[in-house]
Amino acid sequence: MAETVERLKRAIEAGGMTLFSVVDHSEGAQSVGLTMNDTQVLIFGNPKGGTPAMAARPLLAFELPLKVLVWDDGNGQVRVAYQDAAELGRRYQVPAELMTPLSGVGGLVRATLEG
C-alpha cells in the first residue's frame, strides 16, 4: 500500500502536476476509534489544464482537482481507482478539447502500477 501511494506521488510530480493533498481515510477512522482498511485519496492536478474546463462548466469544480483512490481490499490486494476524464467531460458537457489536458490520468496510473 505504502509503495503504491509513493509511486503514484512520484509519478504525479514527474508528470508536472501538483500533489495538493493526501486524504488518509483510515487514519481519520482511527482518530475516532473506528477501523477500516488502509484507504487514501491522492488529490492532484495542474491549474493550467483544469482551469479552462472549469471556466467553461463551473460545476466541474465539484470533481477537480483529479483524484486517485488507493485502498487495501482486505484480501492482500491493493486496489486503485480514478475518475475517467472523458466520463467527467460527458457528465458535465465539457467540450472534449478542454478535457484533453486532463485525460492522461488513466495512463499515468496504469504506467505507475505496471512499472
Side-chain angles (χ1 to χ4, degrees):
M1 176 75 191
E3 179 184 340
T4 299
V5 169
E6 287 305 313
R7 288 174 67 187
L8 286 165
K9 286 179 180 179
R10 287 192 302 271
I12 288 165
E13 292 172 0
M17 293 172 280
T18 300
L19 179 63
F20 295 115
S21 184
V22 177
V23 178
D24 189 332
H25 289 291
S26 46
E27 185 177 278
Q30 185 178 21
S31 75
V32 295
L34 301 172
T35 60
M36 71 182 294
N37 291 341
D38 199 358
T39 304
Q40 297 182 37
V41 177
L42 287 72
I43 302 171
F44 63 98
N46 181 330
K48 186 175 181 179
T51 300
M54 288 186 290
R57 298 292 189 267
L59 291 177
L60 183 61
F62 278 126
E63 308 289 347
L64 297 179
L66 298 168
K67 297 162 199 74
V68 173
L69 169 64
V70 184
W71 77 98
D72 177 338
D73 73 359
N75 295 311
Q77 296 291 315
V78 174
R79 305 288 181 172
V80 178
Y82 58 91
Q83 185 69 50
D84 180 65
E87 173 57 30
L88 289 175
R90 284 188 292 278
R91 183 180 313 150
Y92 292 96
Q93 299 176 337
V94 180
E97 65 272 11
L98 295 178
M99 294 305 292
T100 299
L102 306 175
S103 65
V105 67
L108 177 127
V109 170
R110 286 188 299 277
T112 301
L113 299 178
E114 292 169 359

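All residue numbers refer to positions in the sequence shown, counting from 1. On a predicted model such as this, the values are computed, not experimentally measured, just so you know.
Atom OG1 of T4 is separated from atom CG of D72 by 10.0 Å, given to the nearest 0.5 angstrom. L8 CG to E3 CD: the interatomic distance, rounded to the nearest 0.5 Å, is 10.5 Å. In this structure, CD1 on I12 lies 10.0 Å from OG1 on T18, to the nearest 0.5 angstrom.
The closest side-chain heavy-atom distance from Q83 to K67 is not below 4.5 Å. For the pair E63/Y92, a side-chain contact is recorded, criterion being any heavy-atom separation below 4.5 Å from C-beta on. In this structure the side chain of V41 reaches within 4.5 angstrom of the side chain of H25, judged on heavy atoms. Contact annotation: the side chain of M1 approaches that of V70 to within less than 4.5 Å [non-hydrogen atoms, C-beta and beyond]. Using a 4.5 Å heavy-atom cutoff, the side chains of F44 and P65 are not in contact. In this structure the side chain of D38 reaches within 4.5 angstrom of the side chain of Q40, judged on heavy atoms.
When all heavy atoms of A85 and S103 are compared, the closest pair comes out as CB-CA, 3.7 Å. When all heavy atoms of L60 and A53 are compared, the pair lying nearest together is CD2-CB, 3.5 Å. Between L98 and V94 the shortest heavy-atom distance is CB-CG1, 3.8 Å. Scanning all heavy atoms of the two residues, the minimum distance from S26 to D24 falls at OG-OD1, 2.7 Å. In this structure, P101 and G49 approach most closely via the heavy-atom pair CB-CA, 3.8 Å.
Around the CD atom of E87, the shell of radius 6.0 Å holds more than 12 heavy atoms that belong to other residues, nucleotides or ligands. The number of heavy-atom neighbours closer than 6.0 Å to CD of Q30, taken from other residues, nucleotides and ligands shown, is 12 or below. The 12-atom threshold is not exceeded at CD of Q93, counting heavy atoms of other residues, nucleotides or ligands nearer than 6.0 Å.
No donor-acceptor pair under 3.5 Å is formed between the side chain of N75 and the backbone N or O of Q77. R7 places a side-chain N or O within 3.5 Å of a backbone atom of T112 that can act as its donor or acceptor partner.
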**OP:** Begin with the C-alpha distance, continue with both residues' side-chain angles, and end with the deciding distance and a verdict on side chain to side chain contact (heavy atoms under 4.5 Å, CB included) for L64 and L102.
**Re:** CA-CA 10 Å; L64 297 179; L102 306 175; 4.0 Å; yes

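Note on V22 and V68: same hydrophobic cluster, where clusters join Ile, Leu, Val, Met, Phe, Trp and Tyr whose side-chain heavy atoms are under 4.5 Å apart, directly or indirectly. Using a 4.5 Å cut-off between side-chain heavy atoms of Ile, Leu, Val, Met, Phe, Trp and Tyr, with links allowed through other members, F20 and M54 fall into different hydrophobic clusters. Put simply, I43 and V80 are part of two different groups of oily side chains (I, L, V, M, F, W, Y) that touch within less than 4.5 Å, one to the next. L42 and M36 end up in different hydrophobic clusters when Ile, Leu, Val, Met, Phe, Trp and Tyr side chains are linked at under 4.5 Å. Clustering ILVMFWY residues whenever any of their side-chain heavy atoms sit less than 4.5 angstrom apart, transitively, puts W71 in a cluster other than the one holding V78.
N37 and T39 are not linked by any side-chain donor-acceptor pair at a separation below 3.5 angstrom, with hydrogens and angles left out of the test.
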